[in-house]
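To keep things clear, I will list the structure first and then write my remarks on it.
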Amino acid sequence: MDRCVVRQAIKEKQSGKVIGYELVFQGGKDSMYNSSEATAADTISDFLVANSAKIINDGLMFVTFTPSLLLRNTPKMFGQDKVIIQIEDTVIIHPLAMPLIKKYCEAGYKFAINDFQFSPKYFSMLDYASYIRINMTGYENNPQKQRTVLNIIEMAKGFGRQCIATEINTKEQYEAAMELDIDYLEGNYMANTMVSKVDKVEYMQGNFFQLVIAVSKDEPNFGEVEEIISRDAGLTYALLRLVNSAYFALRTRTASLRQALITLGIGQLRHWVYMLSFDQDRSEGSEEILKISFLRAKLASELVKRAPECKISSNDAYMMGMFSTLDYMVEAPLAELLEEIPVAEEIKVALLDGTGPAGAIQNLVIAYEKADWKASKMYAEELGISSSGLAQIYVDCAEEVNAIWHSLMTDMERPQEEVKKLEEEVL
């Protein structure tokens, strides 16, 4: 059985803050959960054992556990403050369900019920559940489903439980969910809602977009790059914050724009230019969009290395992943934005049409992100990549992105600076 796993963000409705992720294992008719229960448990358990330190490091992680996984104490490889145990019908009808759930609750673990139904067996679990997950598929044009969802929400609120609307994959589903008395949202469409999009003209005339254009040239002009950054206090501050972070580990702090550019180098600036748009105090959502950008970029660059027939460079694949999120941030078609950026033609074609030498890489990255396992397998086979290894590549990339993000957001500790400061105070 191919192992496929991806994480999907869960966003708080009111604040827009990402509170955690659901770890989604292979779905559809070939789902691990729909195969032999023991086989599914073996596959999931092996994966979690090998990757527990990599996946539980960025907020809460919601994971659906089978009865066998609960019996094996698999959730206990994670702290009770890190993982939410999701249960569905296979657990609820299990003869040992109640003792199992009581045991984990007494140990401090929280539960979420998937796809709640109005039946005695589900109501018996309400005393132990903190979250009710509601699948929104078909909600927007199905009156019967709408009544059912409203009744579930009213019931959940009556019991003091929080509601998560899942499968928010379209604008219509998102708008419908925002009208409901729910607490959290999850689905493929959520990335589009993470930040408030800026006006196209304002964005394209701004210093940041001009900087993106400048560093994307085949032979960037150092003086032009320096001039663009120097006229923008926000970009200057962001660049100095980036270069002085723990990731670059400079022995002494630099306050010089020119020195920062020399230290970083134009080639590195291409990779990190999106970081200069990040304002820690302005938006919860911008952090998640940047993480999506970096994860797509890293995943694309790693997949290219394993695709013998795809001749684009790892660097071009990285830039393709980065630029794939531009339309999340700007109120404009991606085609108009890419017209201004001097990237390789095959990258533009891949981003806009999903065709050309890089198209299959781009399609694979997006299909995997959406947990479209059938399409993922098709594109992987087209590229000559083993689909059985996709999960590990994805998790390794996600871990690297999280580690890099953390170090970029952490100021470098420089003991010698403290010593120097003390000496100056004494003198």
Nearest atoms (heavy-atom pairs only) where Ile228 meets Ala214: CD1-CB, 3.9 Å
Stepwise ring pair (Phe, Tyr, Trp, His ring centres under 6.0 Å) check, Tyr131 with Phe111: CA-CA 7 Å; Tyr131 304 90; Phe111 281 82; over 10 Å; no
Would you tell me whether Asn114 and Arg133 have side-chain atoms, one donor and one acceptor, within less than 3.5 Å of each other? yes
Under a 3.5 Å cutoff, is there a donor and acceptor pairing between the side chains of Thr66 and Ser68? no
Heavy-atom closest pair, residues Ala332 and Asp327: O-CB, 4.0 Å
Quick one: do Lys291 and Glu288 make a salt bridge, cutoff under 4.0 Å? no
For Lys76, look at atom NZ and say whether over 12 heavy atoms of other residues, nucleotides or ligands are found less than 6.0 Å away. yes
Verdict with supporting geometry, Lys11 and Glu186, salt bridge (Lys or Arg N to Asp or Glu O under 4.0 Å): CA-CA 6 Å; Lys11 171 182 146 179; Glu186 176 190 350; over 6 Å; no
Residues 336-346 vs side-chain hydrogen bond (donor to acceptor under 3.5 Å, both in side chains), sequence neighbours excluded, gives Lys200-Glu336
Please enumerate all residues that pass ring-ring contact (aromatic ring centres under 6.0 Å, His included) together with Tyr247, with sequence neighbours excluded. Trp272
Could you tell me which residues satisfy side-chain contact (heavy atoms from CB on, under 4.5 Å) with Met77, sequence neighbours excluded, listed by chain and number? Leu48, Val49, Ser52, Thr74
Do Asn142 and Gln146 have a side chain donor and acceptor closer than 3.5 Å? no
If you compare all heavy atoms of Asn188 against all heavy atoms of Glu369, which two are closest, and at what distance to 0.1 Å? OD1-O, 4.2 Å
Step by step, work out the ring pair (Phe, Tyr, Trp, His ring centres under 6.0 Å) result for Phe123 and Phe116. CA-CA 9 Å; Phe123 277 104; Phe116 184 89; 5.5 Å; yes
Do side-chain atoms of Tyr274 reach the backbone of Met322 as a donor and acceptor pair under 3.5 angstrom? yes
CD/Glu179 to CG/Leu150 distance, rounded to the nearest 0.5 angstrom? 11.0 Å
Judged by atom type as modelled, is there a donor-acceptor pair below 3.5 Å linking the side chain of Tyr122 to the main-chain atoms of Ile113? no
Would Thr137 and Asn135 count as having a side-chain donor-acceptor pair, cut-off 3.5 Å? yes
Taking salt bridge (Lys or Arg N to Asp or Glu O under 4.0 Å) as the criterion, tell me which of Arg161, Lys13, Lys157 meets it with Asp183. Lys157
Can you name the closest pair of heavy atoms from Pro75 and Leu70 and give their distance? CG-CD2, 3.8 Å
Is it the case that the side chains of Gln86 and Glu22 hold a donor-acceptor pair, with the cut-off being a distance below 3.5 Å and no angle test? yes
Ala391 to Tyr368 - nearest heavy-atom pair and separation: CA-OH, 3.2 Å
